[in-house]
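Scroll down for the structure; my scribbles are underneath it.
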Amino acid sequence: MKFKDYYASLGVERDASAEEIKKAYRKLARKYHPDVAKEEGAEERFKEISEAYQTLSDPEKRQAYDDLGRHGPGEEFHPSPEWETRFSRGGGSQQEVDLADLFERMGFGGGGFSGFGGGFGGGTGGPRRPGADFPIRGQDVEVATELTLEQAAQGTEVSFSLSVPVLGADGRVQKQSRSGRIRVPRGVVEGERLRVPGKGGDGIAGGAPGDLYLEVRLAPHPRFKAVGHDLYLELPIAPWEAALGAEISVPSLDGPVAVNLKPGMRSGQKLRLAGKGLPHRRDGAGDLYGVIQIVLPETIGEREQALYRELAEASAFHPRHHLEGPPTDG
Amino acid sequence: MADDLLIPDDDEGCTVALEELLAASGLGHEEVIELVQFGVFRCAQHAPVWTFHVRTVRLARRAARLRDDFGLNVSGMALALTYLERIEALEGRLRELESQLPR
């Protein structure tokens, strides 16, 4: 199995006191906990920190870990037969396990570790105490999927594969691969979690199976931004369309919609197309908002310049009138 | 399980019993009741037969993680969950406003 340097994970020396280890864990947990941290890789980092703390905070486990000796991070190693005799419960091959599994199965007292798991494809809870004679509920498992807006609007099926811990015949925890398909109903939104009861990890000693959760992410769309069930679309219009009004074609998920622009549109104004957003699960749908942007061509020809000059001379409009003179309250 | 087409619960109308919430989250009975009293968890139906909206499961699991990983008591969990919920609402509002700005 590959060696992990738990002391380095927590950023402490090998002779750190229990108090120093706890302090280091708390500081790092506050920074990387998946419930509070948003940066990429935080969840993986938290898993690493928790795994290290789970072992180093328990004096017996820490002793067992120290007795494995020093190895380079990621270096292949095997515990000596003496180590196995002293610390490992039950015989059998040590292949296909990692360091965390090794300490997990020792049956030493459980620390304050919630086992947040790998999140997507990982999970929470889980069979912690092999050989338990009381029912333990199976692990809840989460998988993430990215859908296009069109798939979210219409509903779709997604495939997934994950690895769940199961209790082998020898009483040891093994990883088992599972795959399947989940029906995603129409009308799901960003961040929504769909629950499939009883399809997570197996229960132990008659415990109920855990649940499977599918977390929905929406892929960025080239045109629309989704906020809940509403969609936003940047809608560029020409200055004369803004001034005079126009009939324009606005794209929606169902195809183009003809819209009458009223004269006098301003930049930033929102044009609401009711019911043209993402559909709700049962009835109705969110709205589509076209956010007006008055734009100019990058270059304008002589004739256009002449017309603008004529317009400038004819117009009494003074857009910065309110900025003249000293500022006034309110 | 390969090639099984799994059908999720209908989230909009689905509720879970108190026992199911406890089993799915790892929270204790008293902790859940206190979190209801704090107004963090909202019941679909109150005593004697407590039921919760299925999305409370996610909230409860988050509460249990915060308790275990930071050593929080119920007041701490209630405070953290309230703030996290507020942050998420503000992030949603921010995304909404950003959608209205020109790129």
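In what follows, every chain begins at residue 1, and chains take the letters A, B, ... in the order their sequences are listed.
Ion pair A:Glu142/B:Arg61 flagged as a salt bridge, since at least one NZ, NE, NH1 or NH2 atom sits closer than 4.0 Å to an Asp/Glu carboxylate oxygen.
Proximity of A:His33 to B:Arg65: side-chain heavy atoms (C-beta onward) are separated by under 4.5 Å at one or more points. The closest side-chain heavy-atom distance from A:Arg30 to B:Phe70 is below 4.5 Å.
When each of A:Ile182, A:Leu214, A:Leu194, A:Val158 is paired with B:Leu6, the side chain to side chain contact (heavy atoms under 4.5 Å, CB included) condition holds for A:Ile182 and for no other.
A donor-acceptor pair under 3.5 Å is absent between the side-chain atoms of A:Tyr53 and the main chain of B:Asp69, judged by distance alone.
Taking 4.5 Å as the heavy-atom cut-off, the residues of residues 81-92 of chain B that approach chain A are B:Leu84, B:Glu91, B:Gly92, ordered by number. Residues of residues 28-40 of chain B having a heavy atom under 4.5 Å from any heavy atom of chain A: none.
Looking at B:Arg58, only its side chain comes within 4.5 Å of chain A, counting heavy atoms on both sides. In this structure, no portion of A:Tyr289 lies under 4.5 Å from any heavy atom of chain B.
Closest non-hydrogen pair, B:Pro8 versus A:Val196, comes out as CA-CG2, 4.0 Å. Considering all non-hydrogen atoms of both residues, B:Val16 and A:Arg195 come closest at CG1-NH1, 3.9 Å.
In this structure, the side chain to side chain donor-acceptor pair (under 3.5 Å) partners of A:Glu157, at least two apart in sequence or on a different chain, are A:Arg181. For the ring-ring contact (aromatic ring centres under 6.0 Å, His included) test, no residue two or more places apart in sequence or in another chain qualifies with B:Phe52.
The environment of NZ in A:Lys31 is sparse: at most 12 heavy-atom neighbours from other residues, nucleotides or ligands sit within 6.0 Å.
Note that the NZ atom of A:Lys225 and the CD atom of B:Glu98 stand 6.5 Å from one another [nearest 0.5 Å]. If you take CZ on A:Arg193 and CZ on B:Arg55, they are separated by 13.0 Å, rounding to the nearest 0.5 Å.
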